[in-house]
Protein chains: 2
Amino acid sequence: MEQYFSILVQCPLFSGIEQEDMKAMLKCLGGKFISVSKGDPVFLEGTPAQLVGVVLSGGVQVVQDDYYGNRSVLSILQPGESFGEAFSCAGLENMPVSVFAMKDSQVLLLNCGRILTLCSHTCHFHSLLIQNILKGLAQKNLAFTQKVRYMSQKTTKEKLLAYLFDQAKQQGSAEFVVPCERQALADYLGVERTAMSAEISKLKKAGLLDTKGSWFCLKHVYQNN
Amino acid sequence: MEQYFSILVQCPLFSGIEQEDMKAMLKCLGGKFISVSKGDPVFLEGTPAQLVGVVLSGGVQVVQDDYYGNRSVLSILQPGESFGEAFSCAGLENMPVSVFAMKDSQVLLLNCGRILTLCSHTCHFHSLLIQNILKGLAQKNLAFTQKVRYMSQKTTKEKLLAYLFDQAKQQGSAEFVVPCERQALADYLGVERTAMSAEISKLKKAGLLDTKGSWFCLKHVYQNN
DNA sequence: TCTCCTATGTTGGAATTCCAACAACTGTTT
DNA sequence: AAACAGTTGTTGGAATTCCAACATAGGAGA
């Protein structure tokens with residue numbers, strides 16, 4: 001158990017909480033360490049939604065099945081990442097997703113109800129924990145907002161430019177570096193890599209853009225295209 | 001001021017808080033009621049991100065400008081709705097958006113820092129408020145997750161079916177009613193209304209679907225298309 | 001009933017995307 | 001240098017979407 005404290009203190013969920021407080025906190029929250037074999041579920045859809053999980057080792061997958069059993073992968077989580085907050089905090093009765101171990105994994109399960117309501121005046125880490133959850137959810141919200149804005153553009157070119165303009169703004173310069181490669185960027189924007197490549201070439205030839213690898217430079221010629 | 005308490009108690013942000021507690025709470029949180037004329041800003045991009053706003057009357061618009069000044073509308077808020085939580089809770093230094101009044105409006109501004117940290121042991125509504133914010137953010141997260149999942153499908157048909165399958169599942173029946181009209185549904189899915197209409201017709205002719213207005217019925221024939 | 005209005009469905013050609021196959025470039029290893 | 005793997009750019013035809021214009025249906029009100 002103690003062996004995982006060094007992982008936990010690095011996890012965003014526990015940011016600001018000292019390692020020596022960890023044990024008391026886990027006790028207060030009713031934390032349970034569980035081992036899950038590769039392919040086995042951490043929990044299944046329909047489980048009461050009051051769990052927050054933290055991956056300690058291995059890796060897990062959050063999946064959702066539709067009405068006809070077609071399965072889609074919502075996210076893949078590495079050690080240190082947490083899952084389930086959104087469902088538990090949204091006030092759902094039951095989990096709308098299942099979580100499976102992709103490798104043999106260790107997972108810490110917390111009871112979300114205890115996090116949100118109990119004893120907030122005695123444990124000082126309690127409000128810290130809530131703020132961390134809040135911060136995580138809020139950041140995901142912002143990330144989603146951006147992604148949806150890019151994806152809502154009609155054409156590949158518009159999606160790409162919307163993204164690049166945002167990057168320029170965030171990094172405060174028309175010259176900047178994007179955090180991923182072409183394929184990953186295309187996937188993120190919901191476009192085809194080859195179509196995106198073609199658009200980039202066109203923009204280059206038109207003198208509106210320069211790029212090499214993950215480095216981009218926008219020329220100051222834009223208004224509304 | 002008191003005149004707005006009846007609006008506030010209906011607002012999701014203050015759900016569970018009694019009208020008689022409202023005054024004390026607003027004092028504790030440093031709430032400020034402000035009037036904004038049509039077209040004027042509630043706040044501008046760059047303002048320190050620690051505000052949460054609640055629309056009391058009129059209506060406001062959240063807008064974001066890109067690096068070259070192209071403006072896009074992120075959301076439109078009616079009385080009772082709140083804004084700014086995501087930015088404040090995400091730990092941003094400054095607001096990345098501006099908020100403008102679309103009509104003459106009354107707005108309540110709260111200091112998010114006070115909500116999250118102060119005096120959580122004395123005011124019992126404090127933890128309620130935090131839970132309400134948490135719940136709101138979590139619900140938006142789930143909504144975004146779904147929307148992104150639909151929009152990530154390649155074709156109009158796939159986007160539509162992903163949505164319909166989800167609706168069937170959520171409503172627990174292959175027969176269900178969608179909460180909006182064709183045009184709004186198309187906009188939400190990021191497709192063209194006419195293309196969507198065409199797909200619906202095809203599915204109907206293929207006997208996979210029946211629909212009239214907002215009523216839909218999926219036939220049990222699907223596996224993976 | 002007739003008219004108006006809005007929501008929805010239909011259609012055809014232009015524009016765009018998708019997909020597969022391949023070419024060019026880069027960095028690494030041998 | 002040569003071989004190799006991985007990333008990025010190019011291209012052409014099939015599939016799909018976009019867009020405008022029009023058709024149809026149903027409801028509200030005169």
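Side chains included, hydrogens not; waters and symmetry mates left out as well; all remaining heavy atoms used. Here is how names work: the chains are called A, B, and so on, in the same order as the sequence lines, proteins then strands, and each is numbered from 1. This structure is a prediction, so every number in the text was calculated from the model and none was measured.
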Over all strands shown, is A:Ser197 touching base, sugar-phosphate only, or nothing at heavy-atom distances under 4.0 angstrom?
base

Should [X] and [Y] count as side-chain neighbours, where that means a heavy-atom distance under 4.5 Å?
X: B:Phe144; Y: A:Thr145; result: yes
X: B:Phe216; Y: B:Gln167; result: no
X: B:Lys157; Y: B:Lys202; result: no

Nearest heavy atom decides the nucleotide; on that basis, is A:Glu181 or B:Lys212 closer to the 5' end of DNA chain D?
A:Glu181

If you assign A:Ala198 and A:Ser214 each to the DNA chain D nucleotide with the nearest heavy atom, which residue ends up on the more 5' nucleotide?
A:Ser214

Check every nucleotide of DNA chain D for an atom under 4.0 Å from a heavy-atom of chain A, then give the first and the last such nucleotide from 5' to 3'.
D:dT7 to D:dC19

Under a 3.5 Å distance rule, please check whether [X] uses its side chain to pair with a backbone N or O of [Y] as donor and acceptor.
X: A:Gln50; Y: A:Cys112; answer: no
X: A:Asn94; Y: A:Ala49; answer: no
X: B:Ser105; Y: B:Gly59; answer: yes

Find the distance B:Met196:CE to C:dT10:C1' and express it as a whole number of Å.
14 Å

Between B:Arg182 (CZ) and C:dT8 (P), how many Å, whole number?
6 Å

Search all heavy atoms of A:Leu203 against all heavy atoms of A:Leu160 and return the closest pair with its distance.
CD1-CD2, 4.2 Å

So which of residues 187-195 of chain B are in contact with DNA chain C, with a heavy-atom cut-off of under 4.0 Å?
B:Arg193, B:Thr194

Considering the options B:Val191, B:Thr156, B:Thr155, which one meets the side-chain contact (heavy atoms from CB on, under 4.5 Å) requirement together with B:Glu199?
B:Thr156

